[in-house]
There are 2 protein chains.
Amino acid sequence: MANLDSIFHGLADPTRRAVIARLAQGPAPVSELATPHAMALPSFLKHLKVLEAAGWIESEKSGRVRTCRLRPETAKLAEGWLGRQRTLWEARLNRLDAFLETIDDEGDTDDS
Amino acid sequence: MANLDSIFHGLADPTRRAVIARLAQGPAPVSELATPHAMALPSFLKHLKVLEAAGWIESEKSGRVRTCRLRPETAKLAEGWLGRQRTLWEARLNRLDAFLETIDDEGDTDDS
DNA sequence: CCATTAGATAGCCACATGGCTAACCTTGAT
DNA sequence: ATCAAGGTTAGCCATGTGGCTATCTAATGG
């Protein structure tokens, strides 16, 4: 697992998001993950390491092929944090609405 | 608005997440946002600029006070992307389940 | 055994990030 | 008019990030 810092940093790059999107449809070997991306393999491997360190993916080598798969729990951590903020935000808006209605009930105060 | 790169990069730092969490409870001036964080103001301002460039917050200066507020649409973009990946992932698991049931239906094939 | 395939490691480079201090500019209060 | 408060700007520095090439190892196919 990893902290939110590395989890969100993992998402802050189109190559890495593309890898996650690809792996959401099932595991794949490194070379297959790499082909859509116009960069040298070592550069791409760095992205995979970032994702693995963040807990987004896990991988296993069998023979000379390393197969990567997604760890969906990590997405839950990310969605969880975002959801909690949204909850706070919405609660605040509800309180605000309630307050505004209170003002309505009191009628206009500064109108000649 | 901004792209997913900067949106997620905005979240990849505890100071910035704390600012977002604070602003989810309502707008606040820069100095109030800064006080909980043990760093010089200019350093903190950089974080605010990252958040503003990413579309996470907007701010307005009146007199010598700049007030910041959250832009919750941005959270929707982030949650939206994550949600779409989860949808793909779950669809894939459903197909996998269906496939495994297919195998069950066919009975054992290699059992003497 | 030899060549090929799949990936790993090392090292280099340019630029971005995240922190700092010092100096500056407005606005507000006295 | 002056001083304090609230930012803002400019510049410095160390480290991180994202790309590259060159080289290396370990499996596999012929």
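As a basis for the values below, the full set of heavy atoms in this structure was taken, side chains included, without hydrogen atoms, waters or symmetry mates. Numbers restart at 1 for each chain; the letters A, B, ... are given by sequence-line order, proteins then strands.
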First locate atom [atom1] of [X], then atom [atom2] of [Y], and finally report the distance between them rounded to the nearest 0.5 Å.
X       : Y       : atom1 : atom2 : result
B:Leu51 : B:Leu23 : CG    : CG    : 8.5 Å
B:His47 : B:Thr15 : NE2   : OG1   : 4.5 Å
B:Leu48 : B:Ser43 : CG    : OG    : 11.5 Å
B:Ile57 : B:Lys49 : CD1   : NZ    : 11.5 Å
A:Ser31 : A:Arg64 : OG    : CZ    : 10.0 Å

Pull out every residue in residues 8-21 of chain B that has a heavy atom closer than 4.0 Å to any atom of DNA chain C, ordered by number, or say none.
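Within this stretch, B:His9, B:Arg16 sit under 4.0 Å of the strand.
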
Within residues 42-49 of chain B, which residues have any heavy atom lying less than 4.0 Å from an atom of DNA chain C?
B:Pro42, B:Ser43, B:Lys46, B:His47

How close or far is atom P of C:dT21 from atom CE of B:Met39, stated in whole angstroms?
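Computing the B:Met39:CE to C:dT21:P distance gives 12 Å.
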
d(NZ, B:Lys61; C1', C:dT27) in whole Å:
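B:Lys61 atom NZ is separated from C:dT27 atom C1' by 9 Å.
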
Report yes if the side chains of A:Leu33 and A:Cys68 come closer than 4.5 Å at any heavy-atom pair, otherwise no.
yes

Mind checking whether A:Phe8 and A:Trp81 have parallel, tilted or perpendicular rings, split at 30° and 60°?
perpendicular

Within 45° cone of A:Trp89 ring axis and under 6.0 Å: A:Arg86 NZ or CZ:
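No, A:Arg86 does not sit over the ring of A:Trp89.
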
Would you say the base of C:dT26 and the side-chain of B:Arg64 have a donor-acceptor pair closer than 3.5 Å?
no

Between A:Phe44 and A:His37, the two heavy atoms sitting closest are CE1-CD2, 3.5 Å

Using the rule that two of Ile, Leu, Val, Met, Phe, Trp, Tyr join whenever any of their side-chain heavy atoms come within less than 4.5 Å, decide whether B:Leu77 and A:Leu4 are in one cluster.
yes

Go through DNA chain D in 5' to 3' direction and return only the first and the last nucleotide with some atom under 4.0 Å of chain A's heavy atoms.
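Contact boundaries, 5' end first: D:dT17 to D:dT28.
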
